[in-house]
Trainee: 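Take a look at this one; I'll ask things after.
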Amino acid sequence: MIRVLFVCLGNICRSPMAEAVMRDIVKSEGLEKEIMVDSAGTGNWHIGNPPHEGTRSILEKQEIEYEGMKARQVIQDDLFDFDYIIAMDGENLGNLHRLAGYNKTGVIKRLLDYVPEAGQDDVPDPYFTGNFEEVYEMVKSGCENLLNTIKETHQL
Ligand code: 4NP
């Protein structure tokens with residue numbers, strides 16, 4: 001089983017969107033038994049909350065399921081339990097590296113590392129920009145490319 005964890009700041013906007021989109025693609029490719037998907041936030045403000053209304057409305061429009069998803073905070077064990085820990089921006093990435101210390105962890109990367117053509121490193125935070133559409137497009141490309149990398153790496 002390959003485990004993928006998406007990480008943002010609040011775990012209510014970007015990373016739950018990525019979790020739901022990735023799970024949807026994984027399911028459509030029949031890989032649910034091979035790949036497990038989760039998400040978490042570096043911050044603790046929204047623990048237990050469902051995804052933000054903006055994220056919910058995009059997922060509903062795309063007919064992607066998100067039922068039962070609740071925000072949680074990333075813990076150090078996640079860095080060892082997950083094979084791919086995918087940050088939404090540089091701030092999340094820095095926090096994950098700090099949490100990791102000098103320990104050997106899963107692969108820690110930014111989502112847009114998988115989308116060089118995006119021409120930027122960070123998925124903008126829609127909690128502040130209000131632009132959930134642009135985030136969805138980036139998340140979709142990122143998840144598709146990440147899944148292709150996983151399939152090639154693990155011969156799925
Ligand atoms: P996210 O967005 O990291 O994409 O979930 C945010 C959600 C909440 C806050 C910041 C970012 N906040 O400051 O409460």
Side-chain angles (χ1 to χ4, degrees), residues 2-28 35-101 105-150:
I2 295 148
R3 293 165 167 259
V4 180
L5 182 72
F6 295 102
V7 176
C8 64
L9 180 58
N11 194 214
I12 54 170
C13 299
R14 295 165 293 175
S15 62
M17 192 190 294
E19 176 187 341
V21 167
M22 186 68 162
R23 192 177 292 121
D24 187 65
I25 308 174
V26 164
K27 194 173 166 191
S28 73
I35 302 174
M36 176 270 206
V37 188
D38 194 6
S39 68
T42 58
N44 62 3
W45 313 284
H46 300 281
I47 291 172
N49 289 352
H52 188 283
E53 192 186 340
T55 288
R56 292 203 309 265
S57 89
I58 291 269
L59 293 174
E60 278 161 26
K61 196 164 127 193
Q62 300 295 333
E63 299 184 356
I64 295 174
E65 286 176 33
Y66 62 84
E67 269 84 76
M69 285 174 57
K70 283 190 177 21
R72 72 172 180 90
Q73 191 172 24
V74 69
I75 56 168
Q76 200 182 38
D77 279 353
D78 289 326
L79 304 171
F80 314 116
D81 291 344
F82 285 84
D83 304 289
Y84 293 85
I85 300 119
I86 309 295
M88 293 295 140
D89 64 32
E91 190 188 342
N92 313 146
L93 187 75
N95 284 324
L96 289 169
H97 281 305
R98 258 191 297 284
L99 191 59
T105 66
V107 170
I108 302 179
K109 280 198 179 282
R110 271 188 279 207
L111 186 68
L112 294 186
D113 290 341
Y114 297 92
V115 194
E117 63 275 18
Q120 63 188 81
D121 297 327
D122 293 343
V123 178
D125 194 337
Y127 189 76
F128 302 109
T129 68
N131 193 341
F132 286 81
E133 282 286 348
E134 81 171 345
V135 170
Y136 173 73
E137 294 305 327
M138 290 178 188
V139 160
K140 186 162 182 274
S141 303
C143 288
E144 286 168 355
N145 294 353
L146 171 61
L147 182 58
N148 284 334
T149 299
I150 291 173

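Because the structure is predicted, anything quoted here is derived from the model rather than measured. Both counts, for ligands and for their atoms, begin at 1 and track the order of listing.
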Trainee: Looking only at side-chain N and O atoms, does Asn92 offer a donor or acceptor that is under 3.5 Å from a partner on Asn95?
Mentor: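 The criterion, which ignores hydrogens and geometry beyond distance, is not satisfied for Asn92 and Asn95.
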Trainee: State whether a side-chain donor-acceptor pair under 3.5 Å links Glu60 with Tyr66.
Mentor: yes
Trainee: Are Lys61 and Glu133 close enough, and set up right, to give a salt bridge (charged side-chain N to carboxylate O under 4.0 Å, His left out), and what steps lead you there?
Mentor: CA-CA 11 Å; Lys61 196 164 127 193; Glu133 282 286 348; 2.6 Å; yes
Trainee: Could you tell me whether Glu53 atom CD has more than 12 heavy atoms of other residues or ligands within 6.0 Å of it?
Mentor: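 Open.
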Trainee: Hey, what polar pairs (N/O, under 3.5 Å) does ligand 1 make with protein?
Mentor:
from     : atom 1 : to     : atom 2 : distance (Å)
ligand 1 : 2 (O)  : Asp125 : OD1    : 2.9
ligand 1 : 2 (O)  : Asp125 : OD2    : 3.4
ligand 1 : 3 (O)  : Leu9   : N      : 2.9
ligand 1 : 3 (O)  : Gly10  : N      : 2.8
ligand 1 : 3 (O)  : Arg14  : NH2    : 3.0
ligand 1 : 4 (O)  : Arg14  : N      : 2.9
ligand 1 : 4 (O)  : Arg14  : NE     : 2.7
ligand 1 : 5 (O)  : Gly10  : N      : 3.4
ligand 1 : 5 (O)  : Asn11  : N      : 3.2
ligand 1 : 5 (O)  : Ile12  : N      : 3.1
ligand 1 : 5 (O)  : Cys13  : N      : 2.9
ligand 1 : 14 (O) : His46  : NE2    : 2.7

Trainee: Is it the case that the side chain of Asn11 and the backbone of Arg72 share a donor-acceptor pair, with hydrogens and angles ignored and the cut-off at 3.5 Å?
Mentor: yes
Trainee: Any side-chain to backbone donor/acceptor pair from Asp122 onto Gly90? Under 3.5 Å, distance only.
Mentor: yes
